[in-house]
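Working notes for the structure below.
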Amino acid sequence: MSSTSSTIAVVGAGPGLGQAVARRFGVAGHPVALISRDAEKLRGVADSLAAEGIDARAYPADVTDGKGLTAALASAAAELGRIGVLAYGPAPTFPSEAGQVPDLKALGFTSAVETTVDSVRPMFDMLVGGALTAAAAVLPAMREARDGALLFTTGTTAVKPVPGMSNSGIALSGLRSWARGLHDDLAGEGVYVGHLSIGLPIVPGSGEGDPDALADRWYQLVQEGRTFETTVGF
């Protein structure tokens, strides 16, 4: 369990689940570092959380830019304190209304027969490459303190194939496998590694898919510090 004085870095932070996770941990006493490439949207999330009395600051960075992401995390640690929780969950933006069917091709997804090296590479860079970079930036201090949490949020394709989303499946299933190995490698060092796979729309007021409910689930998993994988919606 990470101490409440440590910073949570929410990578891929947006006004939905990212903001909810930041709020849940912020209310519990963690300073919040918000990281995503959209600086304007990020400032809006930071301002909203600050209005609620949460110490939240924006650190714009693209997760596919390794040097930029590492620098953002270093700046956050220098300004807010050691990063004790890393919440990693960048993803394409899906419709926020229940019942809406997303245009998978427009979001960059490909079916199995359409999947190529070129269609997998951007998914890998966003979903896996950024996770590896972020973990490398924060894990040494966590291991030294013997206290920390690495939280990876994914979708259904991390666990089972979904028609039309094979390129993300290659990336997310790989991320899941690596995270599981990390969980096992760090057992006994005081660093918790968890994976939450969400298989339903994230919509306020929708029960299990409510962003605040999902954020609270993450918080409780960190407090427990044992369960590697949790699925919601499938």
Side-chain angles (χ1 to χ4, degrees), residues 7-22 25 32-42 45-46 57-77 80 83-94 107-110 117-143 148-159 165-183 185-186 191-198 202 214 218 229:
T7 299
I8 178 171
V10 183
V11 181
L17 180 57
Q19 181 169 332
V21 170
F25 282 82
V32 176
L34 301 164
I35 299 174
S36 77
R37 64 183 180 181
D38 189 327
E40 184 176 352
K41 184 181 292 184
L42 205 60
V45 174
R57 304 184 197 179
Y59 298 89
D62 189 325
V63 299
T64 65
D65 174 6
K67 289 183 179 179
L69 178 56
T70 299
L73 288 163
S75 294
L80 296 174
I83 295 172
V85 182
L86 172 72
Y88 191 89
T93 302
F94 285 86
L107 292 171
F109 296 103
T110 56
V117 171
D118 288 339
S119 74
V120 172
R121 185 171 289 115
M123 290 288 179
F124 180 90
D125 290 345
M126 175 177 64
L127 302 172
V128 183
L132 292 169
T133 297
V138 303
L139 191 51
M142 290 183 181
R143 298 181 76 183
L150 301 173
L151 316 179
F152 301 100
T153 302
T154 68
T156 307
T157 57
V159 178
M165 302 179 72
S166 287
N167 57 340
S168 72
I170 290 173
L172 286 182
S173 59
L175 174 64
R176 177 197 185 204
S177 178
W178 167 72
R180 176 73 223 203
L182 200 59
H183 175 272
D185 286 351
L186 296 173
V191 180
Y192 167 68
V193 180
H195 171 233
L196 176 62
S197 184
I198 303 170
I202 301 174
L214 292 166
W218 256 138
E229 184 168 84

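Owing to the predicted nature of the structure, the values given are computational and were not obtained by experimental measurement. Values below: all heavy atoms of this structure, side chains included; hydrogens, waters and symmetry mates excluded.
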Under a 3.5 Å distance rule, please check whether [X] uses its side chain to pair with a backbone N or O of [Y] as donor and acceptor.
X: S119; Y: T110; value: no
X: S173; Y: A158; value: no
X: N167; Y: G108; value: yes

Indicate yes or no: does E229 engage R180 in a salt bridge with an N to O separation below 4.0 Å.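 Between R180 and E229 there is no salt bridge, as every charged N stays at least 4.0 Å from the carboxylate O atoms.
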
Using 0.5 Å steps for rounding, measure from the [atom1] atom of [X] to the [atom2] atom of [Y].
X: D65; Y: D125; atom1: CG; atom2: CG; result: 11.0 Å
X: D62; Y: M126; atom1: CG; atom2: CE; result: 10.0 Å
X: I8; Y: L80; atom1: CD1; atom2: CG; result: 12.0 Å
X: L17; Y: L214; atom1: CG; atom2: CG; result: 5.5 Å
X: L151; Y: Y192; atom1: CG; atom2: OH; result: 7.0 Å
X: L186; Y: M142; atom1: CG; atom2: CE; result: 10.0 Å

Contact summary for [X] and [Y], nearest pair of heavy atoms:
X: A87; Y: V21; answer: CB-CG1, 4.2 Å
X: G68; Y: A61; answer: O-CB, 3.8 Å
X: L175; Y: A131; answer: CD1-CB, 3.7 Å
X: L73; Y: A9; answer: CD2-CB, 3.8 Å
X: Y88; Y: A134; answer: CD1-CB, 4.3 Å
X: L127; Y: P90; answer: CD2-O, 3.3 Å

Can you sort out the partners of F25 under ring-ring contact (aromatic ring centres under 6.0 Å, His included), two or more places apart, ordered by chain and number?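 Once residues adjacent in sequence are excluded, the partners of F25 under the ring-ring contact (aromatic ring centres under 6.0 Å, His included) criterion are H30, Y219.
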
Do you see a donor-acceptor pair shorter than 3.5 Å between the side chains of S36 and D38?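 No pair is found: no donor N or O on one side chain lies under 3.5 Å from an acceptor on the other.
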
My understanding is that only one of V193, L86, V191 makes a side chain to side chain contact (heavy atoms under 4.5 Å, CB included) with L139; could you say which?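 One option only clears the test, and that one is V191.
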
Pick from M165, R176, M123: which one makes a side chain to side chain contact (heavy atoms under 4.5 Å, CB included) with T157?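 When M165, R176, M123 are each tested with T157, the side chain to side chain contact (heavy atoms under 4.5 Å, CB included) holds only for M165.
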
Quick one: do V128 and W178 satisfy side-chain contact (heavy atoms from CB on, under 4.5 Å)? Show the steps, please. CA-CA 9 Å; V128 183; W178 167 72; over 6 Å; no

Taking the side chain as everything from C-beta on, heavy atoms only, tell me whether V10 gets closer than 4.5 Å to Q19.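 SC-SC contact between V10 and Q19 ruled out.
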
Over 12 non-hydrogen atoms of neighbours within 6.0 angstrom of CZ in R57: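 Counting other residues, nucleotides and ligands, CZ of R57 exceeds 12 neighbours.
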
Apply the test side-chain contact (heavy atoms from CB on, under 4.5 Å) to residues T70 and T133: give CA-CA distance (whole Å), side-chain angles for both, the deciding distance (0.1 Å), then the verdict. CA-CA 7 Å; T70 299; T133 297; 3.4 Å; yes

